[in-house]
**Student:** 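Structure in structure tokens, see below.
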There are 2 protein chains.
Amino acid sequence: MSMSDFQTLSDKIYSELTTAIVRGELKPGEKLAEQALVDRYGGSRAPIREAIQKLEAKHLVVRVPHAGARVVSLSLNELKDIYEVRLELEGMACRLAAQRMTDEEIAELKNLLAEHEAQIAANQGQSYYQKAGDLDFHYRIIQGAKNARLHQMLCGELYHLVRMYRYQTSTNKQRPTHALTEHHRIVEAISQRDSELAELLMRRHIQTSITNLEKLIEPLSVGR
Amino acid sequence: MSMSDFQTLSDKIYSELTTAIVRGELKPGEKLAEQALVDRYGGSRAPIREAIQKLEAKHLVVRVPHAGARVVSLSLNELKDIYEVRLELEGMACRLAAQRMTDEEIAELKNLLAEHEAQIAANQGQSYYQKAGDLDFHYRIIQGAKNARLHQMLCGELYHLVRMYRYQTSTNKQRPTHALTEHHRIVEAISQRDSELAELLMRRHIQTSITNLEKLIEPLSVGR
DNA sequence: TGAATTCGGATTGTATACAATTCCGTCTTT
DNA sequence: AAAGACGGAATTGTATACAATCCGAATTCA
């Protein structure tokens, strides 16, 4: 019995739709017509509707009664709001991680950084792996905070949105190595159990990505 | 045309179920059988299922495939996690509110406090109104932060859970007046645009409610 | 006696059918 | 020609029917 047999059909469709949205195959503002999704993904309208509701719960689509669902389209201000919250929550996560991660977890985190270093040295310029790695890095710190609700909010409610807009804005090429040194400093602070410093460094790290994002997005939304 | 005509049936059922859960008419761990809900609230299973999914999105019920939905039952640790996050986010909200609220909004906030004062003076001991008022106070500050996502997280994801467990743990009688003085100090800091102080006072205020909650809950879960 | 099993009812997941609302093109009117 | 009313097709919301899965009590076997 394969693993996917445990999933229900609506879960599978939800999963497929999620990746489609994050990859930009379904673009922001695009309509999700139920019948069209039935034709594309199979099944009937019932599981499709459930999948759409799950997407709504994750804030990936917006549903309006009798009018249907559309892929969420964030304004610059909404994106700023998200990053403002993320700044606070990931700072908190990093502070807690410095207090609560086990020594083993910290050791694994260091290994992860070493791997990233090797990857960047190998294929410099290829930023995709770094992006995934960056998410992985942040993910582990969030886990290290050992607060289930915090984990859920960051990884469940904000994660996909961040991923979505990251995927579509190509990062510049210097950023990975720069981010890596920031990661190193953060891990060092965690390793020394200096929670205040760890929080401060993480906040700066995210603040940097915010200004980076603004540089990329601002010119795009000039015409509006 | 009345306001409720704009709602869909599943929205109405969702609304009714929400209040039932918050009031404790549906107790933590209790099963939500679809057919039973159809008999009780009318309609058919389709809108009932949608309502249940909305409850799941708000973390008020937990659904497991093929097994059904149950009212969420939080362990002490999970409740601590929630308050830990709430501490951070409401502190943030208060800081931002001190920076972003308009003078009019601050004036209204002061009026609100005056009303609460009058209410407490009138029926001292009646803590219910204070509880509602307390939520109202917090709600306005969250709105004053002018961050839609923050508002959504606090009011959409955590609010109901907090309400639910507040409703069921009867507050002690001194608390309202004590809380009110804390509220006053917070508003004063906001009024002076001292965002750091405002954040600190709000964090203390919530910290107090956490320790209060622990006193009430801890003895209940001794047996486990 | 007790633990595993099996079988039937009950419950959830999915498919289909029907009702209500919206959306869009057309027409009318000024 | 532009703005608004009208009507039908398309889409969503709801109801019902069917399939798959789970739960529990009776049963069997060690």
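We name chains A, B, ... by the order of the sequence lines, and we start the count at 1 in each one. No hydrogens, no waters, no symmetry mates; every other heavy atom, side chains included, goes into these values.
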**Student:** Once you round it to whole Å, what is the distance between P of D:dT21 and NE2 of B:H66?
**Tutor:**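 After rounding, the gap between these two atoms is 6 Å.
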
**Student:** NZ/A:K146 to CG/B:D81 distance, rounded to the nearest 0.5 angstrom?
**Tutor:**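 Nearest 0.5 Å value for the NZ-CG distance: 12.0 Å.
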
**Student:** When the distance from OH of A:Y41 to P of C:dA15 is rounded to whole Å, what number comes out?
**Tutor:**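 Rounding to the nearest Å, OH of A:Y41 and P of C:dA15 are 16 Å apart.
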
**Student:** Against B:E90, only a single residue in B:H205, B:R203, B:H138 fulfils side chain to side chain donor-acceptor pair (under 3.5 Å); can you say which?
**Tutor:**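 Output: one option passes, namely B:H138.
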
**Student:** Does A:R40 have more than 12 heavy atoms from other residues, nucleotides or ligands lying within 6.0 Å of its CZ?
**Tutor:**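 No, not enclosed.
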
**Student:** Specify the residues of residues 29-38 of chain A, ordered by number, for which at least one heavy atom lies under 4.0 angstrom from an atom of DNA chain C.
**Tutor:**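 The stretch gives none, as no residue of it lies under 4.0 Å from the strand.
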
**Student:** Atom CZ of B:R63 and atom P of D:dC22: how far apart are they, to the nearest Å?
**Tutor:**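 Roughly 15 Å, once rounded to whole Å.
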
**Student:** Among A:I52, A:L26, A:T18, which one satisfies side chain to side chain contact (heavy atoms under 4.5 Å, CB included) with A:L60?
**Tutor:**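 Going through the options one by one, the only one that passes is A:T18.
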
**Student:** Hey, which of these two, A:S44 or A:A67, hits DNA chain C nearer its 5' end, going by closest nucleotide?
**Tutor:**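 On the 5' side of the pair lies A:S44.
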
**Student:** What is the distance, to the nearest angstrom, from the OH atom on B:Y14 to the P atom on D:dT14?
**Tutor:**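 About 16 Å, once rounded to whole Å.
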
**Student:** Rounding to an integer number of Å, can you tell me how far B:L9 CG sits from D:dT12 P?
**Tutor:**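 Value for this atom pair: 18 Å.
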
**Student:** Whole angstrom is fine here: how far is it from CG in A:D39 over to C1' in C:dT16?
**Tutor:**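 Computing the A:D39:CG to C:dT16:C1' distance gives 15 Å.
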
**Student:** Under the salt bridge (charged side-chain N to carboxylate O under 4.0 Å, His left out) test against B:E84, which residue among A:R149, A:R100, A:R95 passes?
**Tutor:**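 That would be A:R100.
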
**Student:** Can you tell if the side chain of A:K58 reaches within under 4.5 Å of the side chain of A:E157, non-hydrogen atoms only?
**Tutor:**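 Counting from C-beta outward, A:K58 and A:E157 never come under 4.5 Å.
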
**Student:** Please determine if a side-chain N or O atom of B:T8 lies less than 4.0 Å away from the OP1 or OP2 oxygen of D:dT14.
**Tutor:**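 Checking D:dT14 against B:T8, a side-chain N or O does come within under 4.0 Å of OP1 or OP2.
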
**Student:** With ring pair (Phe, Tyr, Trp, His ring centres under 6.0 Å) as the criterion, how do A:H59 and A:Y159 come out once you've worked through the C-alpha distance, each side chain's angles and the decisive distance to 0.1 Å?
**Tutor:** CA-CA 10 Å; A:H59 309 291; A:Y159 176 76; over 10 Å; no

**Student:** Whether A:E16 and A:K54 form a salt bridge (side-chain N of Lys/Arg under 4.0 Å from carboxylate O of Asp/Glu) is what I want to check.
**Tutor:**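 Between A:E16 and A:K54 there is no salt bridge, as every charged N stays at least 4.0 Å from the carboxylate O atoms.
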
**Student:** Specify the residues of residues 45-58 of chain B, ordered by number, for which at least one heavy atom lies under 4.0 angstrom from an atom of DNA chain D.
**Tutor:**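 Residues of residues 45-58 of chain B that come under 4.0 Å of DNA chain D are, in numerical order, B:R45, B:A46, B:P47.
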
